[in-house]
Amino acid sequence: MLITNIPKALSRGAKLMPHVKAEEIIVEKGRAVGVRGVRYENGRAAERIAVTADRVVVSAGSVQSAVLFLKSGITPETVGRTLHIHPAAPVGAYFSDPVEAWHGTPQTYLSHQFATFYETGYGGFLLMAQSGHPGITGTMVPGMGEEFAGRMRRYPYLAAGSGMVHDETNGLVELKSDGDFKISYWPDDHDARAIVEGAKRCAEAYLAAGATEVFLPTPRAVSVKSASDLPLFDAIDFAPFNISIAAVHPQSTIPMGEDRRRCAVDSYGQSHAVRGLYAADMSVFPTSVGVPPQITTGTLAVRTADYLFEDMRSA
Ligand SMILES: Cc1cc2nc3c(=O)[nH]c(=O)nc-3n(C[C@H](O)[C@H](O)[C@H](O)COP(=O)(O)OP(=O)(O)OC[C@H]3O[C@@H](n4cnc5c(N)ncnc54)[C@H](O)[C@@H]3O)c2cc1C
C-alpha cells in the first residue's frame, strides 16, 4: 500500500490523516455522515477529531471493522458473529539436504487435492508450504530452551507446511462491558478433523519427498519418521495448548449478501441498516473463502468502489 495504492490516491487528490484511529461512525437519520476518532502523537492520544463525509467506507480489517460497527451500534445481530480464520496445524520437516526456505518467493507450491470446497463450496483444505522467515518457522518447531535452540540450528534443513482449512466454524468478535473487544474461536468437530487431516497429509507429502523427520503439531516434540507412524496424528488430543494452530486470515465478520437476517451489508458492501456506509475489506466475505485472500479482498474493494462511484455520479 505504501508504494502502490496510497501514493496513487494521494496524487489524485485523496487526503491521508496518519496516526488517526477511527472510533465511531457518525449516523444521522439512518445515514452515515462521518467518523469520530483520535489522533495520536508519539503513541499518545493528542486530540479528538471528527471527519464529515457524504459516504463512509470502513476498511480496518475483519476484526477492527467489526469493532467499529459494533461500537457505533450498527447491526450487532449480524456483525462479528461469523468469524472465519482458515485454521491450520503447521508441521515442520527436516531433510538431509539444505532447503533454505527463506530464499526466493515464499509459498510458491500448493495442492488442491483435498480442497473439496472448490467443487462443493464446503470443507476441505489446501496443502500449502509456510513462509520460511525465522520468526514464523520458530513457531512451528516444537520444544523449549536448549532443545528448541538445537532444532533451530538445523533451520536450513527445515521445511514447514500445513493444510489450510476452509472453516465452517463461526467465531465471535464482540464488545466487552469495559468497551474493549474480545475474539473467540475454537474449531468445531468437523473443522478439527480437517485440521488434523491437513497436518497428516502434509507430513505424508514431506515423507514421500524424502524428509527424515516430521513433527506433530504439538508443543511436545513427537516426530514421525515413516508412513507407518502417521496414525500418531489421529491420536493428537485436540484441545487448547495440546495442538498448535495458526491462522492469519480473519474474515467474514461483516458478511455481504441480500439476506438481512444473516448479512450486515448488501452485495455491493453497503450496510443494510445505514445508507452511505460501506465495508470494503476481508470482513465482507460471505463464507470462508478457502484460499489466500488478498486478491479477492482487492477485487471486491474495486467492485464496491465502482458501485460507489456510480452512486455518487447519479446522486
Ligand atoms: C502473516 C500473514 C501472512 C499473510 N499471507 C498472505 C498471503 O500469502 N497471501 C494472501 O493472499 N494473503 C495473505 N495474508 C492475508 C492478507 O494480509 C489480508 O488478506 C489482507 O491484508 C486483508 O486486507 P484488509 O483490507 O481486510 O485488512 P488489512 O490489510 O489488515 O488493513 C486494515 C488497515 O486498517 C488499519 N486500521 C485498523 N483499525 C483501524 C482504526 N480503528 N482506525 C484506522 N485504521 C485502522 C490497520 O492499521 C490496517 O492498515 C496474510 C496475513 C498475515 C497476517
Sequence-distant partners of A235, side chain to side chain contact (heavy atoms under 4.5 Å, CB included), two or more places apart: none
Would you say the side chain of R55 lies within less than 4.5 Å of the side chain of M312, judging by non-hydrogen atoms? yes
With sequence neighbours left out, the residues meeting side chain to side chain contact (heavy atoms under 4.5 Å, CB included) with N242 are D237, A239
For the CG atom of N170 and the CG atom of D191, what is their distance to the nearest 0.5 Å? 9.5 Å
Contacts of T82 meeting side chain to side chain donor-acceptor pair (under 3.5 Å) (sequence neighbours excluded), chain-then-number -> none
Is there a continuous path of hydrophobic side-chain contacts, each under 4.5 Å between heavy atoms, that joins L232 to F215? no
Going by atom types alone, do S162 and Q130 pair a side-chain donor with an acceptor below 3.5 Å? yes
Verify, without hydrogens or angle tests, whether D229 (side chain) and K225 (backbone) share a donor-acceptor contact under 3.5 angstrom. yes
Considering all heavy atoms, the nearest A192-P187 contact: N-CB, 4.0 Å
What closest approach, in Å, do G163 and L127 show between heavy atoms, and which atom pair accounts for it? CA-CD2, 4.1 Å
Looking only at non-hydrogen atoms, find the nearest pair between S62 and S283 and report the distance. OG-N, 3.2 Å
Test of understanding: with side chain to side chain contact (heavy atoms under 4.5 Å, CB included), list the residues that count as partners of V196, not counting sequence neighbours. F233, F238, I243
How long is the span from the CG atom in L126 to the CG atom in L110, to the nearest 0.5 Å? 5.5 Å
Would E213 and S223 count as having a side-chain donor-acceptor pair, cut-off 3.5 Å? yes
Does the side-chain contact (heavy atoms from CB on, under 4.5 Å) test come out yes or no for Y206 and V224, once each step is laid out? CA-CA 11 Å; Y206 280 140; V224 165; over 6 Å; no
Report the C-alpha separation of M164 and M128 in whole Å, then their side-chain angles, then the decisive distance to 0.1 Å, and conclude whether the side-chain contact (heavy atoms from CB on, under 4.5 Å) test is met. CA-CA 7 Å; M164 192 180 86; M128 287 180 59; 3.8 Å; yes
Joint hydrophobic cluster, L68 plus I26, side-chain heavy atoms closer than 4.5 Å: no
Is the shortest heavy-atom distance from the side chain of T137 to the side chain of Y155 under 4.5 Å? yes
Tell me every residue that passes salt bridge (Lys or Arg N to Asp or Glu O under 4.0 Å) with R201, counting only those two or more places apart in sequence or in another chain. E197, E204
With the side chain counted from C-beta on, respond yes when Y278 and L308 share a heavy-atom pair under 4.5 Å apart, and no when they do not. yes
Rounded to the nearest 0.5 angstrom, the CG-NZ distance for L172 and K182 is 8.0 Å
The test is salt bridge (Lys or Arg N to Asp or Glu O under 4.0 Å); show your working for E41 and R39 and say whether it passes. CA-CA 7 Å; E41 254 174 39; R39 190 176 63 78; 3.0 Å; yes
Start with the C-alpha distance between R81 and E174, add both sets of side-chain angles, then the distance that settles salt bridge (Lys or Arg N to Asp or Glu O under 4.0 Å), and finish with yes or no. CA-CA 8 Å; R81 313 187 72 84; E174 58 189 331; over 6 Å; no
Exercise: identify the closest heavy-atom pair between P217 and I236: CD-CD1, 3.9 Å
Got a second to check how far L70's CG is from Q64's CD, nearest 0.5 Å? 10.5 Å
Within this structure, what is the CG-OG1 distance for the pair D306 and T304, rounded to the nearest 0.5 Å? 9.0 Å
Is the NZ or CZ atom of R303 both under 6.0 Å from the centre of the six-membered ring of Y268 and within 45° of that ring's axis? yes
Taking only distance into account, with no hydrogens and no angle test, what donor-acceptor pairs under 3.5 Å do side-chain atoms of residues 284-293 form with protein atoms, sequence neighbours excluded?
from	atom 1	to	atom 2	distance (Å)
S288	OG	H86	NE2	3.4
S288	OG	D167	N	3.4
S288	OG	D167	OD1	2.9

Applying side chain to side chain donor-acceptor pair (under 3.5 Å), name anything that partners D180, two or more places apart in sequence or on another chain. none
For a 4.5 angstrom cut-off between non-hydrogen side-chain atoms, does V274 reach R31? no
List the atom pairs, donor and acceptor, that lie under 3.5 Å between side-chain atoms in residues 8-18 and the rest of the protein, sequence neighbours left out.
from	atom 1	to	atom 2	distance (Å)
S11	OG	K8	O	2.7

If you compare all heavy atoms of D281 against all heavy atoms of A60, which two are closest, and at what distance to 0.1 Å? OD2-N, 3.1 Å
Is there side-chain contact between S72 and V27, with at least one heavy-atom pair below 4.5 Å? no
Do any side-chain atoms of residues 257-264 form donor-acceptor pairs under 3.5 angstrom with protein atoms, and if so which ones, sequence neighbours left out?
from	atom 1	to	atom 2	distance (Å)
E258	OE2	S267	N	2.9
E258	OE2	S267	OG	2.5
D259	OD1	R261	N	3.0
D259	OD1	R261	NE	3.1
D259	OD2	R261	NH2	3.3

Joint hydrophobic cluster, L175 plus I254, side-chain heavy atoms closer than 4.5 Å: yes
The ring pair (Phe, Tyr, Trp, His ring centres under 6.0 Å) partner of H166 among F125, F114, F117 is F117
If you measure from CG on L207 to CG on L230, what distance do you get to the nearest 0.5 Å? 6.0 Å
Using the side chain to side chain donor-acceptor pair (under 3.5 Å) criterion, which residues pair with R220? Sequence neighbours excluded. none
Within-4.5 Å side-chain heavy-atom neighbours: I49 and V20: yes
Please output the side-chain donor-acceptor pairs of residues 88-97 that fall under 3.5 Å, not counting sequence neighbours, one pair per line with the distance.
from	atom 1	to	atom 2	distance (Å)
Y94	OH	R151	O	2.7

Let's go through V33 and T52 carefully: what are the C-alpha distance in whole Å and the side-chain angles of both, what is the deciding distance for side-chain contact (heavy atoms from CB on, under 4.5 Å) to 0.1 Å, and is it a yes or a no? CA-CA 6 Å; V33 293; T52 53; over 6 Å; no
Give the cluster check for V141 versus V99: same hydrophobic cluster or not, with ILVMFWY residues linked at side-chain heavy-atom distances below 4.5 Å. no
Heavy-atom distance under 4.5 Å between the side chains of H84 and H249, does that happen here? no
How about Q251 and M282: do any of their side-chain heavy atoms sit closer than 4.5 Å? yes
Which atom names give the shortest non-hydrogen contact between A247 and P87, and what distance separates them? CB-CA, 4.2 Å
Take atom CG in D178; do more than 12 heavy atoms of anything else shown fall under 6.0 Å from it? yes
All side chain to side chain donor-acceptor pair (under 3.5 Å) counterparts of Y118, not counting sequence neighbours: H112
Going only through I, L, V, M, F, W and Y residues with side-chain contacts under 4.5 Å, is there a path from Y185 to V67? yes
Got a donor-acceptor contact below 3.5 angstrom from the T253 side chain to the A66 backbone? no
No-hydrogen, no-angle side-chain donor-acceptor test under 3.5 Å, Q270 and H272: no
For W102 and H133, what are the C-alpha separation, side-chain angles and deciding distance, and is it a side-chain contact (heavy atoms from CB on, under 4.5 Å)? CA-CA 6 Å; W102 60 86; H133 303 290; over 6 Å; no
